[in-house]
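Structure, as structure tokens:
For clarity, every value in this text was computed on a predicted model and none was experimentally measured. All residue numbers in this chain count up from 1 along the given sequence. Excluded from the calculations below are hydrogen atoms, water molecules and symmetry mates; all remaining heavy atoms, backbone and side chain alike, are included.
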Amino acid sequence: MRKIILNLAVSLDGFIEGPKGEIDWCIMDSDPVSESSKDSHFDQFLSGIDTIFYGRVSYDLWGQYQPDSNASLFEKKLWQSVHSKSKYVFSTKPKKMNGDTKWISENVFDNVMAIKNQPGKSIWLYGGASLITTFINLELVDNYLLAVHPIILGGGKPLFSDIKDKIGLKLNGAVTSPSGVILLDYDAK
């Protein structure tokens, strides 16, 4: 069965957006994982997935995002890789989309389990916060890959809110980067 991986940036105090929705505090490390590798952790992550789950607002913001012409080659390649994946949008108000994006508006658990049982690579649970909460409460998240950024926002949109039951996690590893971001990798027990 395919894994659902919650992979996102979070501030040290647990926020995924600042008080006004800002994400300008996120550091995009392009540093190699090791001296023997030229791929970043995120490049490696993207090569291990073939599907992305979005909430509607996250999809509207990032599902078709294109970097401007002045963006680095690293950023352009990153977005090209992101847009090569199958996309599902979870919303109670689906709308018609161009391309192969699929909408799920009901029976979240059953639809997600059907997708997990299809052949393929892992699935990235991109977000937003409401969708993440739904997936956690339905026990659909298999892996938590959190990039903890060296900043305290003091407010904003929390990563974890309205969680019904405590979730036991098993630490697989932690990796630091020169920028101060710590990548925490947990499996749900």
Side-chain angles (χ1 to χ4, degrees), residues 1-11 14-18 21 23 26 41-66 78-148 156-172 183-189:
M1 184 178 293
R2 300 162 74 185
K3 282 186 176 183
I4 295 178
I5 302 170
L6 171 60
N7 180 350
L8 74 157
V10 61
S11 68
F15 295 100
I16 59 174
E17 293 178 2
I23 58 167
C26 291
H41 281 283
F42 198 63
D43 289 331
Q44 290 178 2
F45 169 74
L46 287 174
S47 70
I49 67 162
D50 61 8
T51 303
I52 304 173
F53 287 167
Y54 293 93
R56 187 196 47 79
V57 173
S58 293
Y59 181 80
D60 287 347
L61 289 171
W62 302 107
Q64 298 299 314
Y65 174 80
Q66 293 298 324
L78 178 144
W79 284 104
Q80 182 180 12
S81 179
V82 167
H83 294 318
S84 71
K85 313 301 181 184
S86 296
K87 297 176 182 181
Y88 290 84
V89 179
F90 293 79
S91 175
T92 57
K93 299 174 185 156
K95 60 183 180 180
K96 199 163 207 168
M97 298 301 301
N98 297 331
D100 296 329
T101 302
K102 298 168 188 77
W103 287 80
I104 296 176
S105 59
E106 56 187 29
N107 301 321
V108 171
F109 183 84
D110 293 338
N111 279 299
V112 169
M113 290 307 292
I115 296 165
K116 281 183 74 165
N117 282 310
Q118 296 171 355
K121 296 180 179 182
S122 293
I123 301 163
W124 179 12
L125 174 56
Y126 185 89
S130 176
L131 184 63
I132 291 167
T133 299
T134 297
F135 272 61
I136 291 172
N137 286 334
L138 290 173
E139 298 180 10
L140 290 170
V141 179
D142 301 297
N143 181 255
Y144 294 78
L145 195 57
L146 305 176
V148 180
K157 187 175 285 184
L159 171 56
F160 301 114
S161 64
D162 301 320
I163 304 301
K164 292 179 182 175
D165 297 310
K166 66 181 171 186
I167 308 290
L169 302 174
K170 175 187 164 277
L171 180 66
N172 295 319
L183 184 66
L184 299 173
D185 181 354
Y186 292 98
D187 280 336
K189 285 186 179 178

Can you tell me how far [atom2] of [Y] sits from [atom1] of [X], rounded to the nearest 0.5 angstrom?
{"X": "Leu184", "Y": "Asn172", "atom1": "CG", "atom2": "CG", "value": "11.0 Å"}
{"X": "Leu183", "Y": "Leu145", "atom1": "CG", "atom2": "CG", "value": "4.5 Å"}
{"X": "Thr134", "Y": "Leu140", "atom1": "OG1", "atom2": "CG", "value": "9.5 Å"}
{"X": "Asp185", "Y": "Lys170", "atom1": "CG", "atom2": "NZ", "value": "8.5 Å"}

Closest approach of [X] to [Y] (non-hydrogen atoms, all atoms of both residues):
{"X": "Ala188", "Y": "Tyr144", "answer": "CB-CE1, 4.3 Å"}
{"X": "Ser122", "Y": "Ile5", "answer": "CB-CD1, 3.7 Å"}
{"X": "Asp50", "Y": "Gly120", "answer": "OD2-CA, 3.5 Å"}
{"X": "Thr133", "Y": "Asp162", "answer": "CG2-O, 3.7 Å"}
{"X": "Lys85", "Y": "Ile49", "answer": "NZ-O, 3.2 Å"}
{"X": "Ser58", "Y": "Gly128", "answer": "OG-N, 3.0 Å"}

Within-4.5 Å side-chain heavy-atom neighbours: [X] and [Y]:
{"X": "Lys121", "Y": "Thr51", "result": "no"}
{"X": "Tyr88", "Y": "Tyr126", "result": "no"}
{"X": "Ile136", "Y": "Phe160", "result": "yes"}
{"X": "Asn143", "Y": "Leu6", "result": "no"}
{"X": "Val141", "Y": "Ile167", "result": "no"}
{"X": "Asn137", "Y": "Ile163", "result": "yes"}

Quick one: does [X]'s side chain have a donor or acceptor within less than 3.5 Å of a partner on [Y]'s backbone?
{"X": "His83", "Y": "Leu78", "value": "no"}
{"X": "Asp187", "Y": "Leu171", "value": "no"}
{"X": "Ser91", "Y": "Trp103", "value": "no"}

task = Show the numbers, then the answer: is there a side-chain contact (heavy atoms from CB on, under 4.5 Å) between Ile115 and Phe53?
result = CA-CA 11 Å; Ile115 296 165; Phe53 287 167; 4.0 Å; yes
message = So that I know where these two stand, are Tyr54 and Tyr59 an aromatic pair - ring centroids less than 6.0 Å apart?
response = yes
query = How about Phe45 and Trp124: are their ring centres within less than 6.0 Å of each other?
reply = yes
query = Is the number of heavy atoms from other residues, nucleotides or ligands under 6.0 Å of Gln118 CD greater than 12?
reply = yes
Donor-acceptor list for residues 107-114 side chains, cut-off 3.5 Å, not counting sequence neighbours:
| from | atom 1 | to | atom 2 | distance (Å) |
| --- | --- | --- | --- | --- |
| Asn111 | ND2 | Glu106 | O | 2.8 |
| Asn111 | ND2 | Asn107 | O | 3.0 |

note = Sorted by chain and residue number, the side chain to side chain contact (heavy atoms under 4.5 Å, CB included) partners of Asp142 (sequence neighbours excluded) come out as Lys3, Ile4, Lys116
